[in-house]
Amino acid sequence: MEKATKSRKASSGKNEKIPAKGSSQPANRQMGEEMEKLFTDMLKDIYWAEKALTKALPKLAKASTTTELSQAFEEHLTQTEEHIRRLEQVFELMGQKAQAKKCDAMEGLQKEAEEVMEETPEGSLTRDVGLIIAAQKVEHYEIATYGGLTTLANTFGMTEVAELLGRTLEEEKETDESLTYIAENNVNFPAGIEDEAGSSRKTGTHKNRMEEEEDEEA
């Protein structure tokens, strides 16, 4: 399955002060005490969120009806594990121990996903529609968080930190685009005309709308 993804580099401001190589000064040397605390708290928040996702994504993959969506969740699980490792590198660059702080937003978003699984028929495409929307809410939260942290890191000359956070930011955007692709080409339309009595199972991929139109024309 092909999908268009855009690769973007983490941008830095024109007045960014890049630390000299070999400098012994801490990466956050330009941050005031309150700003450093805020930045660190945000790191702890997203660190908790990513760890929570490693437990939630396998459940979403198992609950998915289409093979495409199940595989997308499994692939994002691998990415999420890498995101956790990057955050641990960021903490190390900051001279701090990696710590998690409960993320109320992520906890709420996970509960929404659980409600989707409880309130939609098992094996239905309607369930996949709900899971995609729930997952994209998570992605948008992560995009906002990583976007803000990357901007702050660039502002204060924390180039290595910004690079790590920026890489994760781009991967979160690509995941969001991938979910949109699956929704538009494999799930939304057939879900809208789905026979409640004849639900689809994970026996293979579903034809997308373009393939269905080609079949009709033939």
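Along the sequence shown, residues carry numbers from 1. No experiment lies behind these values; they were computed from the predicted model shown.
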Residues 98-109 side chain polar contacts: donor-acceptor under 3.5 Å, at least two apart:
unit_1	atom_1	unit_2	atom_2	d
Gln99	OE1	Lys44	NZ	3.3
Lys102	NZ	Glu107	OE1	3.2
Lys102	NZ	Glu107	OE2	3.2

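Closest heavy-atom contact between Thr150 and Gly166: OG1-N, 3.5 Å. Glu81 and Thr54 get closest at one heavy-atom pair: CG-CG2, 4.3 Å. Residues Leu131 and Ala113 approach most closely at CD2-O, 4.3 Å, considering heavy atoms. Leu57 approaches Thr80 most closely through the heavy-atom pair CD1-OG1, 3.6 Å. Across every non-hydrogen atom of Ala52 and Gln110, the tightest pair is O-NE2, 3.1 Å. Leu53 approaches Pro58 most closely through the heavy-atom pair O-CD, 4.3 Å.
When the side-chain contact (heavy atoms from CB on, under 4.5 Å) test is applied to Lys59, no partner is found at least two apart in sequence or on another chain. In this structure, Thr78 has no side-chain contact (heavy atoms from CB on, under 4.5 Å) partners at least two apart in sequence or on a different chain. The side-chain contact (heavy atoms from CB on, under 4.5 Å) test applied to Thr145 returns Ile46, Tyr141, Leu149, not counting sequence neighbours.
At a threshold of 4.5 Å between non-hydrogen side-chain atoms, the residues Tyr146 and Leu87 count as touching. In this structure, the side chains of Gln89 and Val161 stay at 4.5 Å or more apart for every pair of heavy atoms. Side-chain contact between Met35 and Phe156 is present, with heavy atoms from C-beta onward closer than 4.5 Å. Proximity of Met94 to Met158: side-chain heavy atoms (C-beta onward) are separated by under 4.5 Å at one or more points. Ser124 places a side-chain heavy atom less than 4.5 Å from the side chain of Glu194. The shortest distance between side-chain heavy atoms of Lys137 and His140 does not fall below 4.5 Å. Side-chain contact check for Val90 versus Leu164: some heavy-atom pair is nearer than 4.5 Å. Residues Leu69 and Leu179 have side chains in contact (heavy-atom distance under 4.5 Å, counting atoms from C-beta outward).
With rounding to the nearest 0.5 angstrom, the CD atom of Glu74 is 12.0 Å from the NZ atom of Lys62. Distance CD1/Ile143 to OG1/Thr168: 12.0 Å, rounded to 0.5 Å. Rounded to the nearest 0.5 Å, atoms CG (Leu152) and CE (Met31) are 5.5 Å apart. The line from CD of Gln136 to CG of Asp176 is 4.5 Å long, rounded to the nearest 0.5 Å. Rounding to the nearest 0.5 angstrom, the gap separating the CG atom in Asn188 from the CG atom in Leu125 is 9.5 Å. The CD1 atom of Ile132 sits 8.5 Å away from atom OG1 of Thr180, with the distance rounded to the nearest 0.5 Å.
For residues 88-120, the ring-ring contact (aromatic ring centres under 6.0 Å, His included) pairs, not counting sequence neighbours, are Tyr47-Phe91. Applying the salt bridge (Lys or Arg N to Asp or Glu O under 4.0 Å) test to pairs two or more places apart or on separate chains, those with a residue in residues 85-94 are Glu82-Arg85, Glu82-Arg86, Arg86-Glu171.
Judged purely by atom type and a 3.5 angstrom limit, Ser178 has no side-chain atom pairing as donor or acceptor with the backbone of Glu174. In this structure, Asp45 contributes its side chain and Asp41 its backbone to no donor-acceptor pair below 3.5 Å. Arg127 places no side-chain N or O within 3.5 Å of a backbone atom of Val116 that could act as its donor or acceptor partner.
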Let me see the working for Glu172 and His83 under side chain to side chain donor-acceptor pair (under 3.5 Å), right down to the final yes or no. CA-CA 10 Å; Glu172 300 292 9; His83 297 170; 3.2 Å; yes
Is there a side-chain contact (heavy atoms from CB on, under 4.5 Å) between Met117 and Leu60 once you walk through the steps? CA-CA 8 Å; Met117 290 184 274; Leu60 296 180; 4.0 Å; yes
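For the residue pair Thr66 / Asp128, a side-chain donor-acceptor distance below 3.5 Å is found, with atom types taken as modelled.
Contact check on Glu170 versus Lys173 returns a salt bridge, with a Lys/Arg side-chain nitrogen under 4.0 Å from an Asp/Glu carboxylate oxygen.
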